[in-house]
Amino acid sequence: MHDLLVHKAFDKARIELELINGIAPTKSKCAQFLSDYLLNNDFPYSAKSLSNHFNAVKHKTGRFEIKQARVVELLSVFLGYEDYIDFCNQHKKIIASVDKEVDKEFSPSRSFYLNWMESVKKNKSLIGIVLSAVLVVWVTYFFNTPDQRWMEWKAYGFEEVAFDPASFKEGTLELWKEERSANFKQVEVGCNSIFFDYQGREKIWYGKNTSGTLEYFTCSGKHPQTQKLVKPITVYMIKKHVCSEY
């Protein structure tokens, strides 16, 4: 059911992006949205690979399967399931003929799409009013539901905050992620800092802020200001920027 999983993941990404930006996103935007989600859950996976998966599902180029089990699990969680097994159990009676449903990108079905467009042409004013009202209700519920939690970068870590439209528009507001909030912290480093564990694996990552100053963090992820991936520390960087005597 990997094909159905990909189809539904892209469909949910489209809905969330449309709620955020107010316009229908492209396939590449949806792929990047999913890629960012995977990265925030500590599994880097390129938007290009996800886009290729969608194309493979759409054109049905043969038996489709995602080789990375972690991607499968995270996409299942993204859709609201406990794991991939739970996703499969909930869709046992669904025939995964996604190619018939994705005749036009992101449309539930061709017949629904054509009927909807015909109705819009005949009742543009009425449809516009109804859709606007539905969108307002949907956005209001999405951003104010008690179960929806948000976080924002504050000095040296993420803190849970109430939804703020201005912060959301500026891009500083993120959906609450327990693991990212607990593990991604900014730290001060010096000659006595522990940069590697006993197996030689990095314990510190670094990246420049918007002012060009190097900052140091406790795990991988995107810099909270620049949204660029922070890099694992190296002996060269330690000696050059932290402690020349290291």
Side-chain angles (χ1 to χ4, degrees), residues 1-122 124 127-128 131 134-135 138-139 142 174-175 177 220-222 227-229:
M1 287 190 178
H2 287 189
D3 48 0
L4 184 61
L5 179 69
V6 169
H7 171 57
K8 286 187 171 294
F10 267 81
D11 199 42
K12 182 180 179 182
R14 175 189 62 80
I15 291 173
E16 293 196 8
L17 283 171
E18 193 164 354
L19 281 172
I20 294 171
N21 300 319
I23 58 174
T26 62
K27 178 184 66 179
S28 60
K29 292 289 186 182
C30 292
Q32 187 60 56
F33 184 83
L34 293 173
S35 177
D36 290 344
Y37 169 79
L38 295 174
L39 178 62
N40 286 338
N41 285 275
D42 297 322
F43 195 88
Y45 200 69
S46 71
K48 183 177 180 180
S49 295
L50 290 163
S51 184
N52 289 340
H53 290 337
F54 181 84
N55 289 335
V57 171
K58 178 184 176 183
H59 300 296
K60 202 166 187 178
T61 56
R63 185 173 181 273
F64 176 75
E65 182 178 1
I66 300 175
K67 295 182 180 180
Q68 294 80 3
R70 182 64 175 158
V71 173
V72 174
E73 292 298 320
L74 287 174
L75 289 180
S76 300
V77 173
F78 173 72
L79 289 171
Y81 300 93
E82 292 183 5
D83 50 30
Y84 182 59
I85 294 177
D86 183 37
F87 173 82
C88 291
N89 289 338
Q90 298 295 330
H91 293 83
K92 283 182 178 179
K93 297 181 181 181
I94 298 177
I95 300 175
S97 54
V98 181
D99 59 316
K100 295 180 181 179
E101 296 181 4
V102 196
D103 198 17
K104 282 187 177 291
E105 282 190 8
F106 310 120
S107 297
S109 68
R110 180 174 176 78
S111 59
F112 175 84
Y113 174 81
L114 293 176
N115 291 336
W116 182 79
M117 287 302 296
E118 187 63 28
S119 297
V120 170
K121 291 178 181 178
K122 293 180 179 179
K124 287 184 179 180
I127 292 294
L131 288 179
V134 171
L135 184 59
W138 195 356
V139 170
F142 180 78
E174 295 185 27
L175 286 172
K177 296 180 179 66
S220 61
K222 289 187 176 182
Q227 295 303 305
K228 293 182 179 179
L229 283 174

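The residues of the chain are indexed from 1 along the displayed sequence.
- The closest donor-acceptor contact from the side chain of Glu73 to the backbone of Tyr84 lies under 3.5 Å.
- With rounding to the nearest 0.5 Å, the separation of CD in Glu18 from SG in Cys30 is 9.5 Å.
- Residues Leu4 and Phe87 have side chains in contact (heavy-atom distance under 4.5 Å, counting atoms from C-beta outward).
- Seen from the ring of Phe54, Lys27 does not count as a face-on cation partner, given the 6.0 Å and 45° thresholds.
- Here the CG atom belonging to Asp83 is positioned 11.0 Å from the CG atom belonging to Leu74, to the nearest 0.5 angstrom.
- Here the CG atom belonging to Asp42 is positioned 11.0 Å from the NZ atom belonging to Lys177, to the nearest 0.5 angstrom.
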- Message: Quick one, His53 with Val57, criterion side-chain contact (heavy atoms from CB on, under 4.5 Å). Give me CA distance, side-chain angles, the key distance, then yes/no.
- Response: CA-CA 6 Å; His53 290 337; Val57 171; 5.5 Å; no
- For Arg70 and Leu38, run side-chain contact (heavy atoms from CB on, under 4.5 Å): C-alpha distance rounded to whole Å, both residues' side-chain angles, the deciding distance at 0.1 Å, then the answer. CA-CA 9 Å; Arg70 182 64 175 158; Leu38 295 174; over 6 Å; no
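- Between the side chain of Ser35 and the backbone N or O of Ala31, no donor-acceptor pair lies under 3.5 Å.
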- Apply the test side-chain contact (heavy atoms from CB on, under 4.5 Å) to residues Leu75 and Leu79: give CA-CA distance (whole Å), side-chain angles for both, the deciding distance (0.1 Å), then the verdict. CA-CA 6 Å; Leu75 289 180; Leu79 289 171; 5.6 Å; no
- Please assess Phe33 against Leu50 for the test side-chain contact (heavy atoms from CB on, under 4.5 Å), listing each intermediate value before the final yes or no. CA-CA 10 Å; Phe33 184 83; Leu50 290 163; over 6 Å; no
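- Considering only heavy atoms from C-beta on, Ser220 stays 4.5 Å or farther from Leu229 through its side chain.
- Here the OH-CD distance, from Tyr37 to Glu16, works out to 10.0 Å after rounding to the nearest 0.5 Å.
- From Ser46, atom OG reaches atom CG of Asn52 across 7.5 Å, with rounding to the nearest 0.5 Å.
- Residue Leu34 comes nearest to Ala9 through the heavy atom pair CD2-O, 3.9 Å, listed as atom of the first residue, atom of the second, then distance.
- The two residues Ala47 and Gln32 come nearest to each other via the heavy atoms CB-OE1, 3.5 Å.
- Remark: side-chain polar atoms of Lys29 are not paired, donor with acceptor, to backbone N or O of Leu17 under 3.5 angstrom.
- Inter-residue side-chain proximity for Lys222 and Asp36 is flagged as met; some heavy-atom pair is nearer than 4.5 Å.
- By the 6.0 Å contact criterion, CD1 on Ile85 is open, its count of non-hydrogen atoms from other residues, nucleotides or ligands being 12 or less.
- Applying the 6.0 Å contact sphere to CD of Glu82 captures no more than 12 heavy atoms from other residues, nucleotides or ligands.
- Between the side chain of Asp11 and the backbone N or O of His7 there is no donor-acceptor pair closer than 3.5 Å.
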